[in-house]
Amino acid sequence: MKALYVCSVEAAAGKTAYAIILARCWQRRGLVVGYMKPISVLSLKQPEVDSGDAFFAKSILHLQEPIEDIAPVELAPHVESSPPTLREKIIGAYTRIGQDKDIILLEAPPGLADGAALGLDLPYLTELFQARVLLILHYTHDYSDLVAAAGMARTMLGDNLIGVVINAIPERQVAAVRGALAPSLEREGIRILGTVKQDNTLFAPSVADLVRQVNGEVLCGADRLDRLAEHIMIGAMSPDGALAYFQRLPNKAVIVPGDRPDIQLAALRTPTCCLILTGDFVVNRAVLILAEESDIPLVRVKEDIITTLENLEGAYLRTRFRQESKIQRLETLLAEEFDLTTLGLAIGLGQ
């Protein structure tokens, strides 16, 4: 059995996305694929975020193993555990998941040194599983940071590091990255397996994410909450220009005062993924009927527009890769911009 560890040097770099996409790709080629997140580092503020990745992977990859094996160890701040016990849990889970598998995808915690205090950092686990490593680097305009991160990974992991993907590059910067940054990394002996451009779809939260973020009441369209809100628009203008304004952007969530049915109706007549009504007003019947006919979720909140907008910012900062539409979009991007053949050969899977 082969093992590939997908890692990063920071949170939200794209590890879950790449692990799942690679697993699906190899599944389609007829390989028996496993997935495991040996260590999850939980946040006190959002303990569900990191552990939720494992549940999503289990669902989307149709994995049969119990979640206790897929994500055997959860490290929470200020919680002490016995390293030998944790090590035994990880090894036991890996052994069970690895049975009859051609390859197992391992997803690392956010940092290369996470788990080091317990002797369970990435270099140790890489050697334990005899795994090769793929490093995901989230683009930053400071190339020196990217070079330093890749160099640190190479120092820690040695020849186990197969290569690097530079992720979420703004389209206007792609040529510069490929022409300058990629060659400088390769001169350091660090192979570039992909330079993947940024795509708004991949960073968009779902309507369900927005509803949770603002603690909203869904008045209709509860079966459409999986839609992605790529943009936010504010409806606080005169009725005359409202329709033209809302037609400027598709796939948008629109925030409108609850006592402005004229503006609400204008927004509902354009491509809108949800309408958020502020101020806890009684909803105009014509608005409710049009929203139901248009299959557009209608959400009511108690707060005003400014407070609602501030609350929504968190949803865009913490959006996760847990929607089928995001998977399909990233698969398209990787087909164009990722060297899967080289990765497969380096692991020993062939082409």
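Values in this document were obtained by computation on a predicted structure and should not be read as measured data.
In this structure, NZ on Lys15 lies 13.0 Å from CG on Leu106, to the nearest 0.5 angstrom. Of the inter-residue distances, the one linking Ile97 atom CD1 with Met1 atom CE reads 9.5 Å to the nearest 0.5 angstrom. The distance from the CG atom of Leu334 to the CG atom of Leu22 is 7.0 Å, given to the nearest 0.5 Å. With rounding to the nearest 0.5 angstrom, the CD1 atom of Ile190 is 7.0 Å from the CG atom of Leu161. Remark: Cys7 SG to Leu134 CG distance equals 7.5 Å, nearest 0.5 Å. Atoms CZ and CD1, on Arg87 and Ile90 in that order, are 8.5 Å from each other to the nearest 0.5 Å.
A salt bridge links Arg300 and Asp280; the closest N-O separation between the charged side-chain nitrogens and carboxylate oxygens is under 4.0 Å. Between Glu188 and Arg154, none of the side-chain N atoms (NZ, or NE/NH1/NH2) sits under 4.0 Å from a carboxylate O, so this pair counts as no salt bridge.
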Return a table of donor-acceptor pairs under 3.5 angstrom between the side chains of residues 169-186 and protein atoms on other chains or two or more places apart.
residue : atom : partner : partner atom : Å
Arg178  : NE   : Thr195  : OG1          : 2.7
Arg178  : NH2  : Thr195  : O            : 3.0
Ser184  : OG   : Leu181  : O            : 2.7

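Judged by distance alone, with hydrogens and angles left aside, the side-chain atoms of Asp295 form no donor-acceptor pair with the main-chain N or O of Arg224 at under 3.5 Å.
Scored by the side-chain hydrogen bond (donor to acceptor under 3.5 Å, both in side chains) test, Asp159 finds no partners at all (sequence neighbours excluded).
Scanning both residues, Gly221 and Val218, for their nearest heavy atoms gives C-CG1, 4.5 Å.
Under the 30°/60° scheme for interplanar angles, the aromatic rings of Phe129 and Tyr5 are found to be tilted.
Exactly one of Lys58, Lys101, Arg96 qualifies for a salt bridge (Lys or Arg N to Asp or Glu O under 4.0 Å) with Glu65. That residue is Lys101.
Sorted by first and then second residue, the pairs that involve residues 245-260 and meet side-chain hydrogen bond (donor to acceptor under 3.5 Å, both in side chains), not counting sequence neighbours, are Glu230-Asn251, Lys252-Thr270, Lys252-Thr272, Arg260-Asp262.
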